[in-house]
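Just the heavy atoms: all of them, side chains too, but no hydrogens, waters or symmetry mates, feed the values below. Just so it is clear: chains get the letters A, B, ... in the order the sequence lines come, proteins before strands, and each one is counted from 1.
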Amino acid sequence: MADLQERTRFDPAEVEPRILERWLSSGLVHPEPDGTAAENYSIAVPPPNVTGVLHMGHALNGSIQDTLIRTNRMRGRRTKWILGTDHAGIATQRQVEKRLISEGTTREELGREAFVERVWEWREEHGGQIVEQFKRLGATLDYSDERFTMDERYVQAVLKVFVDLYDEGLIYRDYYMVNWDPVLRSAISDLEVEEQEGIADTLYSIAYPLASGEGELVVATVRPETMLADTAVAVHPDDERYAHLVGQEVILPLVGRRLPIIADPYVKTEFGTGALKITPGHDPNDFEIGRRHGLPEIGVIGEDGLMTAAAGEPYAGLTVAAAQERVVADLDAQGLIRAREEYVHTVPFSQRSGARVEPLISLQWFMRMDELARPAIDVVREGSVRIHPESQSRRYIAWLSEIRPWCISRQLWWGHQIPVWYRGEEVYCGIEAPQGDGWEQDPDVLDTWFSSALWPFATLGWPERTPDLRAFFPTDVLSTARDILFLWVARMVMMGLRFTDRVPFTDVNIHSVIQSPDGRRMSKSLGTGIDPIALIEGGPRPPVYGNQARPPGDFPAYGADAVRFGLLAMSSSQDVRFSEEKIAQGQALANKLYNATRFVALRIDSGGVDPEPQPRTVEDRWILSRLQAIEAETQARIDGFDFSRAALGLYDFIFGELCDWYLELVKPRLGEDAEPEDRAALGATLLHVLRETIATAHPIIPFVTEELWELLGWTEAE
RNA sequence: GCGCGCGUAGCUCAGCGGCUAGAGCAUCGCCCUUACAAGGCGGGGGUCGCCGGUUCGAAUCCGGCCGCGCGCACCA
């Protein structure tokens, strides 16, 4: 108690590491796999990139999940928060490749085996950081049972899923138009493509002479170099201007190929001249049209981003940009460019490398999704999976209803290599390599999200029927931001239903994206990112801080409780701007609760027991009724995923009702001339109120409440 | 283009048919009263984006604008 006398402020920097150490060594975070999933409570953490660092989204989601986990742990449920990291194929491979380049070598020089070895080493060096950061937040993940999507057992699950779906015909290999990332030299999925508005290109109008020699057809394009791969020109079937030309041919300039003039309703009569050059090899729409009309598919841009031999002389071997220049110059020389104008439009870029996506036809592995999607839609419609806020389920259903095949192969080395082997014309798909000589394994690896889709059950030992699986699957809640609802959540539901016959979780919580104080995205490149650890332990504010009323300079060491409270308080179903005031409010709350406890503890001997309240006055009865209400409200708000209200409601109760009113009102009853009998009764009431308040607040601000619980002589906090 | 959401006090937000529209932070005034000055008490500050409609009554419901954000689909 001497401590309490002297320390007038709650000091998270001193207290939190000490408390954290105790949680980690106490066995609190690790449940034995007993009982059934229905009795127990489990959450699978969205696995962060193994080499990643904690960002604001992790911190918010960590606060949310830990609040749920602690609430249910305090209710006496056996609680497991499944921990693990993701191998994050592209991101991790790129990090290591960058390192290699700085060392003056490349992955090609190293060779595949040595490169993969280097990635494992990289993971050893950099892999632990984000897990340590989750600890610092007070997140009670099961640290004694950490998984990785490249663990041997996990890999077995991934391969089994691939083989099963292959055998069923849902996974197949095909030449198809993909989004090609010329920097990564890999295909990427539709979900990894980001449209960027406002890109200024030149729109060229090019004359294609009619084969009959009488006249010409003018087409418009921003990519003149792709004309080398044209295999038709299309007009709208109802376009009277061109009706007489359908079935005739044009001569493709520079190449001399004869192209049919076809009619397709895709063509917009009002755009440009109403005639569209068709390049099935390098445009997704043209690809569709080409397949409809049985047109040849020519690839003039290679996977290396250079013009192929099919582009012909003198273009073969040039970069795309050089080829464009050359094509334009040659057309100009022939007087075939009818117009050029600036054209601002939307262009697809790779989210992975930032490169402009090059659509091309490539031999890739695909997964047919329609059959898997149907039951995944049903479970949300009928409510066996509930998405919060409800409005997000419309997005989920809309996306699944129009789902397209998923390109699951990536031309990378780091990841789950596709379990398919070739020998001449023979193809073998299996978990183990086939017997016999001369088999060569497919070099591609699977999209990282393929393995992530198995996360809630593969982490627990599936496909074996492990005790963990029985005790903790299906999980209860999946919490994440909107951006991976399709990329990850929907796919987990599909795979869970297909391979376990169960929904992998019953509730999906979609939380806010926290934007920078000026309303833009938090990002390193914009200088708008805020490091949650800098908030907890003190550290630099970001260079960009919007117009919020906060001074420049370093963050004070707000502490994990303050950060947790603040993030929960500012979160909602909408995107929100980061508000340092909310973090400061959390700090004030922790300090307030600490001092309220000092006030009581320095006057009343707690005796380490939970006393029966003995209300004697109207204010006693009032605070007890308010206490009961705040307990019920807080629980209901947490269960309803309304974390902002849960946090702010606690703040209002502790500041407004408990401290400003009740403690002020009872001060005279604790003084020197207080009536002893009343003083004793009041002491019991105060201790009871304090104890219950601390317990109610614990899931949100666990450190200070744990510390106070101990200072008051109570032992088990949970 | 289609869909979703949002525009309320200087800032971040709550309220979503009915008491003079709220909170935190900021601001102003008064308190160095022995839990906390990272405190306490009190005050000022909003024609609730704009226009119309429904209603006894509208931030709150409906329609139309304007502005912002997000998602999906995209036109060469």
Side-chain angles (χ1 to χ4, degrees), chain A residues 4-5 7-11 190-191 195 197 201 203-206 218-224 226-227 230 233-234 266-279 283-286 289 343 345-348 389 391-392 394-396 398-399 401-402 482-483 485-486 512-515 517-521 546-550 556 558 562 566 569-603 642 644-645 647-649 651-652 655-656 658-661 663-664 667 670-672 690:
Chain A
L4 266 187
Q5 188 69 260
R7 300 203 326 245
T8 62
R9 287 174 299 141
F10 176 67
D11 178 12
D190 294 346
L191 291 172
E195 306 285 337
E197 280 178 38
D201 277 319
L203 183 66
Y204 297 92
S205 295
I206 305 169
V218 177
V219 299
T221 181
V222 292
R223 309 251 351 238
T226 65
M227 70 176 287
D230 282 4
V233 173
Y266 170 80
V267 182
K268 304 262 185 301
T269 52
E270 66 279 9
F271 191 95
T273 58
L276 175 64
K277 71 193 257 315
I278 301 297
T279 320
D283 181 282
N285 296 309
D286 294 3
I289 293 169
Y343 184 64
H345 63 149
T346 309
V347 175
S391 60
Q392 294 297 326
R394 278 201 296 276
R395 268 182 72 222
Y396 171 96
W399 183 74
S401 305
E402 291 168 29
R482 258 193 344 262
D483 53 350
L485 182 63
F486 308 146
S512 306
V513 173
I514 298 183
Q515 300 169 329
D518 65 0
R520 290 185 296 170
R521 219 154 244 285
N547 50 3
Q548 288 185 29
R550 276 282 151 178
Y558 282 115
M570 72 182 87
S571 76
S572 78
S573 56
Q574 288 280 123
D575 285 356
V576 291
R577 295 187 186 199
F578 178 80
S579 147
E580 190 174 338
E581 284 72 27
K582 288 286 194 294
I583 309 285
Q585 216 180 319
Q587 182 191 36
L589 178 65
N591 187 53
K592 195 70 176 174
L593 196 55
Y594 175 78
N595 274 295
T597 304
R598 281 183 73 219
F599 173 77
V600 173
L602 294 176
R603 286 165 181 71
D642 191 354
S644 165
R645 245 174 277 265
L648 293 171
Y651 180 94
D652 286 344
F655 262 81
L658 180 59
C659 294
D660 291 353
W661 279 103
L663 294 187
E664 294 299 330
K667 272 181 181 172
L670 292 167
E672 285 302 311
L690 203 54

(message) Show the nearest heavy-atom pair for residues Trp661(A) and Gly656(A), with the distance to one decimal.
(response) CD1-O, 3.1 Å
(request) State the syn/anti category of rA26(B) according to its glycosidic angle, syn meaning within 90° of 0. (result) anti
(request) Write down the distance between CG (Asp652(A)) and C1' (rG22(B)), rounded to a whole number of angstrom. (result) 11 Å
(request) Indicate, with a heavy-atom threshold strictly under 4.0 Å, whether Val513(A) touches base, sugar-phosphate, or nothing. (result) nothing
(request) Could you say whether Thr346(A) or Glu664(A) is positioned toward the 5' end of RNA chain B, judged by the nucleotide with the nearest heavy atom to each? (result) Glu664(A)
(message) Looking at every heavy atom in both Pro517(A) and Arg577(A), which two are closest together, and how far apart are they?
(response) O-CD, 3.6 Å
(message) Please give the distance between the P atoms of rG10(B) and rG52(B) as a whole number of Å.
(response) 24 Å
(request) Find the distance Phe486(A):CZ to rA73(B):P and express it as a whole number of Å. (result) 9 Å
(request) Please report, rounded to the nearest Å, how far the P atom of rU12(B) is from the CG atom of Asp575(A). (result) 14 Å
(message) Can you list everything that forms a ring-ring contact (aromatic ring centres under 6.0 Å, His included) with Tyr266(A)? Sequence neighbours excluded, please.
(response) none
(message) Could you check whether atom CH2 of Trp399(A) has more than 12 heavy atoms from other residues, nucleotides or ligands sitting under 6.0 Å from it?
(response) yes
(message) I'd like to know if Asp575(A) pairs up with Arg482(A) as an ion pair, taking the criterion as any Lys NZ or Arg NE/NH1/NH2 lying under 4.0 Å from an Asp or Glu carboxylate oxygen.
(response) yes
(message) Between C1' on rC36(B) and CG on Leu593(A), what's the gap in Å once rounded to a whole number?
(response) 12 Å
(request) Give Val222(A) one of three labels, base, sugar-phosphate or nothing, depending on what nucleic acid heavy atoms sit under 4.0 Å from its own. (result) sugar-phosphate
(request) Can you tell me the distance, in whole Å, between the CG atom of Asp483(A) and the P atom of rG69(B)? (result) 18 Å
(message) Taking pairing as Watson-Crick or G-U wobble with both contacts under 3.5 Å, can you name the mate of rC4(B), or confirm there isn't one?
(response) rG69(B)
(request) Quote, to the nearest angstrom, the P distance that separates rA59(B) from rC19(B). (result) 10 Å
(request) Kindly point out which of rA76(B), rG5(B), rC36(B) is positioned nearest to the side chain of Arg394(A)? (result) rG5(B)
(message) Taking any heavy-atom pair under 4.0 Å as a contact, classify Tyr651(A): base, sugar-phosphate, or nothing.
(response) sugar-phosphate
(request) Describe the nucleic acid contact of Asp660(A) in one word from base, sugar-phosphate, nothing, applying a heavy-atom distance below 4.0 Å. (result) sugar-phosphate
(message) Expressed as a whole number of angstroms, how long is the span from Leu589(A):CG to rG24(B):P?
(response) 13 Å
(message) Over all strands shown, is Gln392(A) touching base, sugar-phosphate only, or nothing at heavy-atom distances under 4.0 angstrom?
(response) nothing
(request) Take Ser644(A) and Asp283(A), find for each the nucleotide of RNA chain B with the closest heavy atom, and name the residue whose nucleotide sits nearer the 5' end. (result) Ser644(A)
(message) By nearest atom, which of the nucleotides rA38(B), rG69(B), rG71(B) is closest to the Gln587(A) side chain?
(response) rA38(B)
(message) Base, sugar-phosphate or nothing for Ser391(A)? Non-hydrogen atoms, less than 4.0 Å.
(response) nothing
(message) Which nucleotide, if any, forms a Watson-Crick or G-U wobble pair with rC48(B), using both distances under 3.5 Å?
(response) none
(message) Once you apply a heavy-atom cut-off of 4.0 Å, does Leu663(A) come out as touching a base, just sugar-phosphate, or nothing?
(response) base
(message) Using every non-hydrogen atom in the two residues, find where Met570(A) and Ile583(A) come nearest and quote the distance to one decimal.
(response) CE-CD1, 3.9 Å
(request) Between rC4(B) and rG63(B), how far apart are the P atoms? Round to whole Å, please. (result) 11 Å
(request) Can you figure out which of rG15(B), rG40(B), rA76(B) approaches the side chain of Phe655(A) most closely? (result) rG40(B)
(request) Return the nucleotide paired to rA26(B): Watson-Crick means purine N1 to pyrimidine N3 with N6-O4 or O6-N4, wobble means G-U with N1-O2 and O6-N3, both under 3.5 Å. (result) none
(request) Could you tell me whether Lys277(A) contacts a base, only the sugar-phosphate backbone, or nothing, with contacts defined as non-hydrogen atoms closer than 4.0 Å? (result) nothing
(message) Between C1' on rG1(B) and CD on Glu195(A), what's the gap in Å once rounded to a whole number?
(response) 14 Å
(message) With heavy-atom distances below 4.5 Å as the criterion, would you say the side chains of Leu485(A) and Gln392(A) are in contact?
(response) yes
(message) Under 4.0 Å, counting only non-hydrogen atoms across every strand here, what does Arg645(A) touch: a base, just sugar-phosphate, or nothing?
(response) sugar-phosphate
(request) Taking only the side-chain heavy atoms of Arg577(A) (C-beta and beyond), determine which of rA76(B), rU12(B), rG69(B) contains the nearest atom. (result) rU12(B)
(request) For Met570(A) and rA23(B), give me the distance from atom CE to atom P, rounded to whole Å. (result) 20 Å
(message) Of the listed nucleotides (rG69(B), rC36(B), rC72(B)), which one gets closest to any side-chain atom of Gln515(A)?
(response) rG69(B)
(message) What's Tyr343(A) touching, base or sugar-phosphate or nothing? Going by heavy atoms closer than 4.0 Å.
(response) sugar-phosphate
